[in-house]
Amino acid sequence: MHEYSIVGALVEQVESEARQRNATYVRRIRVRIGDLSGVDPELLASAYQVFRERTFCEDAELSIERVEARWVCERCGRVTARGGILRCGICGSASRLAQGDEIVLQQIEIEVP
């Protein structure tokens, strides 16, 4: 389950950012997880519950925003319908993945003195 390694890296990054700002408390962590990222949001949340114990993030809420996969035509920018052929129905160009494969630390809410 690679969600544990992702959570480990996430907590390390949050702790580093919090220490740089002399934070006294981490209140909330917001992440964006794409449908095609290979990460199961429920497993990530479960791993976070276990991993955060005895860390700077121990009391921090984890908020996960799911990002739906979306393909667009490289030439004209037309959105390709979900489940459709990955080629534009108008200009015939290939479609590319525009969103949905990301794992992004979006926001950290901290308290500072």
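Here the closest heavy-atom approach between residue Glu58 and residue Glu53 is recorded as OE2-CA, 4.1 Å. For the residue pair Ala69 and Asp35, the shortest heavy atom distance occurs at N-OD2, 3.9 Å. In terms of heavy-atom proximity, Cys88 sits nearest to Arg78 at SG-CD, 4.1 Å.
Looking at Val7 and Leu44, their side chains come closer than 4.5 Å, going by heavy atoms from C-beta outward. Counting heavy atoms from C-beta outward, Val104 and Val67 have side chains that stay 4.5 Å or more apart. With contacts defined as side-chain heavy-atom distances shorter than 4.5 Å, the pair Ile29/Leu105 qualifies. Under the 4.5 Å side-chain criterion, counting only non-hydrogen atoms from C-beta, Ile64 is not in contact with Glu42.
Atom CG of Leu10 and atom OH of Tyr4 lie 14.0 Å apart (nearest 0.5 Å). Taking CG of Asp59 as the reference point, atom CZ of Arg28 lies at 13.5 Å (rounded to 0.5 Å). With values rounded to the nearest 0.5 angstrom, Leu36 atom CG is found 5.0 Å from Trp71 atom CH2. Taking CD1 from Ile110 and CD from Gln20, the interatomic distance works out to 10.0 Å, rounded to the nearest 0.5 Å. A distance of 9.0 Å separates CD1 in Ile90 from SG in Cys73, rounded to the nearest 0.5 Å. Atom CZ in Arg70 sits 8.5 Å away from atom CZ in Arg96 (nearest 0.5 Å).
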Verdict with supporting geometry, Leu62 and Gln49, side-chain contact (heavy atoms from CB on, under 4.5 Å): CA-CA 9 Å; Leu62 176 65; Gln49 295 302 321; 5.5 Å; no

Tyr48 and Cys57: CA distance, side-chain angles, deciding distance, side-chain contact (heavy atoms from CB on, under 4.5 Å) verdict: CA-CA 9 Å; Tyr48 177 73; Cys57 301; 3.6 Å; yes

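The backbone N or O of Arg30 lies less than 3.5 Å from no partner atom in the side chain of Gln107, so there is not a single donor-acceptor pair. Remark: the backbone N or O of Gly100 is paired with a side-chain donor or acceptor of Glu102 at under 3.5 angstrom. A distance-only check finds a donor-acceptor pair linking the side chain of Arg87 to the backbone of Gly92 [under 3.5 Å].
Cluster annotation: Leu86 is connected to Leu97 through the hydrophobic network of ILVMFWY side chains, with a link wherever side-chain heavy atoms come within less than 4.5 Å. Both Phe56 and Val112 belong to a common hydrophobic cluster when Ile, Leu, Val, Met, Phe, Trp and Tyr are linked at side-chain heavy-atom distances under 4.5 angstrom. Linking ILVMFWY side-chain heavy atoms closer than 4.5 Å, directly or via other members, places Ile108 and Tyr25 in two distinct hydrophobic clusters.
Contact check on Glu61 versus Arg52 returns no salt bridge, with no Lys/Arg side-chain nitrogen under 4.0 Å from an Asp/Glu carboxylate oxygen.
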